Amino acid sequence: MSDARCRSFLPETSSVWVSGLLLWEWREKARQQARQADIDEGEVDWLLQRVANLDRLTLRLGRSHLPEHVKVDRSLTDLDRLWDRRILDRTPVQYLVGQVSWRHFDLVVSPDVLVPRPETEAIVDIAVEAAGDDRDGIWVDLGTGSGVIALGLAEALPEASIVAVDTSRAALDIARHNATAAGLFDRIEFRQGSWFDPLDALKGRIRGMVSNPPYIPSDLVPQLQPEVARHEPHLALDGGQDGLSALRHLARTAPAYLQPGGIWLVEHMAGQSESVCKILYDCKCYRDVRSIGDWAGFDRFVLAYYCPTSSQTP
Ligand code: GLN
């Protein structure tokens, strides 16, 4: 990707030196606004760590530990504008700076992709455990968005080939950028298209399919918190009337693409586990269908293995 295309999704910045005292006053004001707006005031420090390159300890130790002058990526006026967008428009703080950390990757994000959630981090570990000792082969991340699952798989399965698919060209640009920044660009192939559509050549050969597809029922999307409903891409959230359209599609189409014994692994919304398992049982070609919880104890993932002759029922 050319530099120009890459830059288009990173916020414009130019550094200025700001007095430590003024920056501290800005922090106090922003924290107060956050409290009044019922936003976690810790987000102010998250922002300052990124735009002013301050570490958490310095911020915690307080005003007297700030240097006399701090180099900041934005003027205080620009920081005010940015924070207004957080408070008044409810823009997620990650979109304001165009960055997020996920597992140990530092990633670029824009409103073309979901902000990767900490809960999703576990899907990489589940995939690795499911792979057992057989860690090579072709793995696909369907609906890759910012590319996080593909990056996690590429890193955790060094002998595997990873293919990242998304229907959104803008999302793929971001995923490519993130793969390059993580030094994993050579490990991941990027394909534009809907789910398995661009993978015709891989029919019957895929070792693992991993996906965090849209799974929110359409009626619920506008009721999500404003950060999500107003700013995150509905393409990545809206799972149709019952939230299960994409999950159903993945269950029914995967058998043509997975190798026998191939892994089928998805994230879903809390409360959908039974429905997702039933969809798989009804396909009559998956074995060891298993529901897996996130660290908060909610069932959020379903894992299964493609078994062409299986007729397993619950
Ligand atoms: N986990 C996201 C949320 O909490 C939704 C992601 C998805 O639909 N795949 O809003």
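All of these numbers come straight from a predicted model, not from anything done at the bench. Numbering of ligands and ligand atoms starts at 1, following listing order. What's counted below: heavy atoms across the whole structure, side chains too, no hydrogens, waters or symmetry copies.
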Are any of the side-chain nitrogens in R27 or E25 under 4.0 Å away from the carboxylate oxygens of its partner?
-> no

What are the atoms of ligand 1, with element, lying closer than 4.0 Å to any heavy atom of A236?
-> 7 (C), 8 (O), 9 (N)

Salt-bridge test for D84 and R81: reply yes if a basic N is under 4.0 Å from a carboxylate O, no otherwise.
-> no

Heavy-atom nearest neighbour in the protein, as seen from atom 1 (N) of ligand 1, with distance rounded to 0.1 Å | Y215 OH, 2.9 Å

Interfacing atoms of ligand 1 (cut-off 4.0 Å, heavy-atom, L114) | 6 (C)

Which residue and non-hydrogen atom of the protein lie closest to atom 10 (O) of ligand 1, and at what distance in Å?
-> R117 NH2, 3.1 Å

Atom indices of ligand 1 within 4.0 angstrom of L237 heavy atoms, with elements | 5 (C), 8 (O), 10 (O)

Hey, is E267 close enough to R300 for a salt bridge, meaning N to O under 4.0 Å?
-> yes

At a non-hydrogen distance cut-off of under 4.0 Å, which region of M269 contacts ligand 1 (side chain, backbone, both, or neither)?
-> neither

Any Lys/Arg nitrogen of D73 or R50 sitting under 4.0 Å from an Asp/Glu carboxylate oxygen of the other?
-> no

Does any N or O atom in V228 lie less than 3.5 angstrom from one in ligand 1, N or O only?
-> no

With heavy atoms of P213 as the reference, note each atom of ligand 1 found under 4.0 Å away.
-> 7 (C), 8 (O), 9 (N)

Could you tell me whether R35 and E41 have a side-chain N and a carboxylate O separated by less than 4.0 Å?
-> yes

In terms of heavy-atom contacts, V115 and E232 come closest through N-OE1, 2.7 Å

